[in-house]
Engineer: 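After the structure tokens below, expect a handful of questions from me.
Hydrogens, waters and symmetry mates play no part in the numbers below; they use all other heavy atoms, side chains included. Being a predicted model, the structure only gives us computed values, none of them experimental.
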Amino acid sequence: STTSNIKLNGSTIQTIYGGGNEAGVTTTNVNLITGSSTEVFGGSNKSGTVTTSSVKASTPQNLIIDTIYGGNNNGGKVKQTDINLIGGTYNNIYGGGNNADVDYTNVHTDKITMTGKFYGGGNNASVIYNTNVKFLNSSIDYDIFGGGNLGTVEGNTVVYLSNAAIKGSAYAGGNGKTATVLGNTTLTIDNSSTVNKHVFGGGNAANTGSKDNTSSISKVNIAGATIN
């Protein structure tokens with residue numbers, strides 16, 4: 001097995017890849033400490049399989065990242081993405097890849113500030129199984145989605161918002177007609193969270209289920225939140 005370890009510690013770097021250009025790696029570890037970057041990928045660029053990708057920021061100082069992808073950029077596949085951010089400022093976050101599929105996504109954020117949008121899934125790419133999102137003690141200027149942006153989730157989405165400030169809307173599903181969630185969607189909001197616009201168990205112009213799977217269930221649990 002192979003492991004790559006990358007630290008952003010006081011630099012300004014346009015693009016960071018945890019993996020290779022046209023090569024895979026077993027495990028990637030991208031550690032964001034301080035500095036700035038336009039794009040951070042947990043995986044590789046053009047091709048290559050990554051078994052597990054990790055992007056983390058545990059005690060960041062003056063960390064400003066435009067977009068994070070848990071997966072690959074334009075090809076190949078990541079089997080499991082793990083994004084774990086405790087602090088820092090980010091524009092957009094994708095649990096999955098840009099134009100490359102992943103199997104599973106897991107995104108855990110705490111005490112972060114976001115100026116854009118949050119997707120548990122990929123951008124123009126599928127999640128073959130499930131997405132899992134925790135957005136705790138954090139704020140976002142626009143919308144949060146459990147699914148992808150134009151990308152399908154073939155399994156389930158689970159979103160948990162706790163003491164979160166969502167200035168847009170919260171969706172358990174995806175964004176766009178092609179961002180179907182084929183399994184179940186679950187959205188839980190608690191602990192004095194605020195959502196300035198709307199809460200949806202499904203997606204934005206995105207279906208839940210399919211004509212072949214009509215048993216999909218959307219659940220929304222709200223306990224101690226303000227929905228404007």
Side-chain angles (χ1 to χ4, degrees), residues 40 42 52-57 65 67-71 78 80-88 90-97 102-123 125-176 179-191 193-195 198-204 206 208 216-223 225:
V40 174
T52 304
S53 73
S54 170
V55 179
K56 73 173 184 178
I65 307 293
T67 303
I68 291 179
Y69 299 91
V78 175
Q80 168 77 46
T81 74
D82 286 302
I83 299 176
N84 197 328
L85 309 173
I86 304 174
Y90 312 88
N91 186 19
N92 304 303
I93 293 174
Y94 297 87
V102 305
D103 279 347
Y104 294 91
T105 75
N106 186 45
V107 187
H108 181 283
T109 65
D110 195 349
K111 303 180 184 71
I112 73 167
T113 301
M114 289 189 65
T115 55
K117 293 186 178 182
F118 183 118
Y119 299 91
N123 182 20
S126 294
V127 175
I128 306 303
Y129 297 101
N130 306 324
T131 72
N132 186 27
V133 170
K134 291 182 180 178
F135 192 77
L136 315 177
N137 309 305
S138 300
S139 66
I140 185 168
D141 286 350
Y142 292 95
D143 301 328
I144 187 164
F145 297 88
N149 183 38
L150 308 177
T152 59
V153 175
E154 297 181 25
N156 306 320
T157 67
V158 176
V159 181
Y160 176 47
L161 311 177
S162 182
N163 191 32
I166 315 294
K167 294 183 182 176
S169 295
Y171 299 85
N175 183 43
T180 304
V181 176
L182 295 177
N184 302 325
T185 62
T186 305
L187 173 59
T188 301
I189 307 173
D190 70 11
N191 194 16
S193 293
T194 58
V195 180
H198 308 288
V199 170
F200 299 93
N204 181 33
T208 300
S216 291
I217 298 171
S218 293
K219 291 182 183 177
V220 177
N221 309 304
I222 301 174

Engineer: Taking only residues two or more places apart in sequence or in another chain, which ones pass ring-ring contact (aromatic ring centres under 6.0 Å, His included) with F118?
Structural biologist: F135

Engineer: My understanding is that only one of T109, V133, V40, I68 makes a side-chain contact (heavy atoms from CB on, under 4.5 Å) with I83; could you say which?
Structural biologist: I68

Engineer: Looking only at heavy atoms, which two atoms of V220 and F200 are closest? And how far apart?
Structural biologist: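 Scanning both residues completely, I find the closest heavy atoms to be CG2-C, 4.4 Å.
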
Engineer: Do I112 and I93 have side-chain heavy atoms sitting under 4.5 Å apart?
Structural biologist: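 Result yes, sub-4.5 Å side-chain heavy-atom pair found.
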
Engineer: When you measure from the side chain of N130 to the backbone N and O of N156, does any donor-acceptor pair fall under 3.5 Å?
Structural biologist: yes

Engineer: Are any side-chain N or O atoms of S216 and backbone N or O atoms of G183, one a donor and one an acceptor, separated by less than 3.5 Å?
Structural biologist: yes

Engineer: Could you report the tightest heavy-atom contact between A206 and G176, atom names first, then the distance?
Structural biologist: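 Scanning both residues, the minimum pair turns out to be CB-O, 3.1 Å.
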
Engineer: Given 3.5 Å as the limit, does a donor-acceptor pair link the side chain of N92 with the main chain of K117, or not?
Structural biologist: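 Yes, the answer is positive, given that a donor and an acceptor are paired below the 3.5 Å cut-off.
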
Engineer: Has S193 got a side-chain atom pairing as donor or acceptor with A164's backbone, closer than 3.5 angstrom?
Structural biologist: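 A pair under 3.5 Å: yes.
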
Engineer: Tell me which pairs pass salt bridge (charged side-chain N to carboxylate O under 4.0 Å, His left out) where either residue lies in residues 161-174, with sequence neighbours left out.
Structural biologist: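 Pairs touching residues 161-174 that pass the test: D141-K167.
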
Engineer: Any donor-acceptor pair under 3.5 Å linking the side chain of S138 with the backbone of K111?
Structural biologist: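 Checked: pair present.
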
Engineer: To the nearest 0.5 angstrom, please state how far the CG atom of N137 sits from the CG atom of N163.
Structural biologist: 4.5 Å

Engineer: With no hydrogens and no angle check, do the side chains of S126 and T152 hold a donor and an acceptor under 3.5 Å apart?
Structural biologist: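 A donor-acceptor contact under 3.5 Å links the two side chains.
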
Engineer: So does G95 get a backbone contact from the side chain of T105, meaning a donor-acceptor N/O pair under 3.5 Å?
Structural biologist: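 Checked: no pair found.
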
Engineer: Which value, rounded to the nearest 0.5 Å, describes the distance between T81 atom OG1 and N132 atom CG?
Structural biologist: 10.0 Å

Engineer: Show the nearest heavy-atom pair for residues I189 and A225, with the distance to one decimal.
Structural biologist: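 For I189 and A225, the tightest heavy-atom pair comes out as CG2-CB, 3.6 Å.
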
Engineer: Please assess V102 against Q80 for the test side-chain contact (heavy atoms from CB on, under 4.5 Å), listing each intermediate value before the final yes or no.
Structural biologist: CA-CA 7 Å; V102 305; Q80 168 77 46; over 6 Å; no

Engineer: Is it the case that the side chain of T180 and the backbone of T208 share a donor-acceptor pair, with hydrogens and angles ignored and the cut-off at 3.5 Å?
Structural biologist: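 It does not hold such a pair.
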
Engineer: Can you measure from OH (Y94) to OH (Y119) and round to the nearest 0.5 angstrom?
Structural biologist: 5.0 Å

Engineer: Check S53 against V78 and note the closest heavy-atom contact, atom names and distance.
Structural biologist: OG-CG1, 3.7 Å

Engineer: Hey, does T186 have a side-chain heavy atom less than 4.5 Å from the side chain of T157?
Structural biologist: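 When only atoms from C-beta onward are counted, T186 and T157 do not touch, as no gap falls below 4.5 Å.
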
Engineer: Indicate whether the side chain of T185 and that of S218 have a donor and an acceptor atom separated by less than 3.5 Å.
Structural biologist: yes

Engineer: Just by distance, with hydrogens left out, do T115 and N91 show a side-chain donor and acceptor under 3.5 Å apart?
Structural biologist: yes

Engineer: Testing the basics here: between A57 and Y90, what is the closest heavy-atom pair and its distance to 0.1 Å?
Structural biologist: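 Residues A57 and Y90, closest heavy atoms: CB-OH, 3.5 Å.
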
Engineer: Test of understanding: with ring-ring contact (aromatic ring centres under 6.0 Å, His included), list the residues that count as partners of Y129, not counting sequence neighbours.
Structural biologist: Y104

Engineer: Which atoms form the tightest heavy-atom contact between G148 and A179, and what is the distance?
Structural biologist: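 Reported closest heavy-atom pair: O-CB, 3.5 Å.
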
Engineer: Could you check whether any side-chain heavy atom of D143 comes within less than 4.5 Å of a side-chain heavy atom of Y171, counting everything from C-beta outward?
Structural biologist: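 Contact flag for D143/Y171 side chains = yes.
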
Engineer: Flag the pair D82 / T52 as yes when at least one side-chain heavy-atom distance between them is below 4.5 Å, and no otherwise.
Structural biologist: yes

Engineer: Using 0.5 Å steps for rounding, measure from the CG atom of N175 to the CD1 atom of I144.
Structural biologist: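 Rounded to the nearest 0.5 Å, the CG-CD1 separation comes to 13.0 Å.
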
Engineer: Is a side-chain N or O of T131 found less than 3.5 angstrom from the main chain of G146, in a donor-acceptor match?
Structural biologist: yes

Engineer: Applying the side-chain contact (heavy atoms from CB on, under 4.5 Å) test to Y160, which of L187, D190, N221 qualifies?
Structural biologist: D190

Engineer: For the NZ atom of K134 and the CG atom of L85, what is their distance to the nearest 0.5 Å?
Structural biologist: 14.0 Å

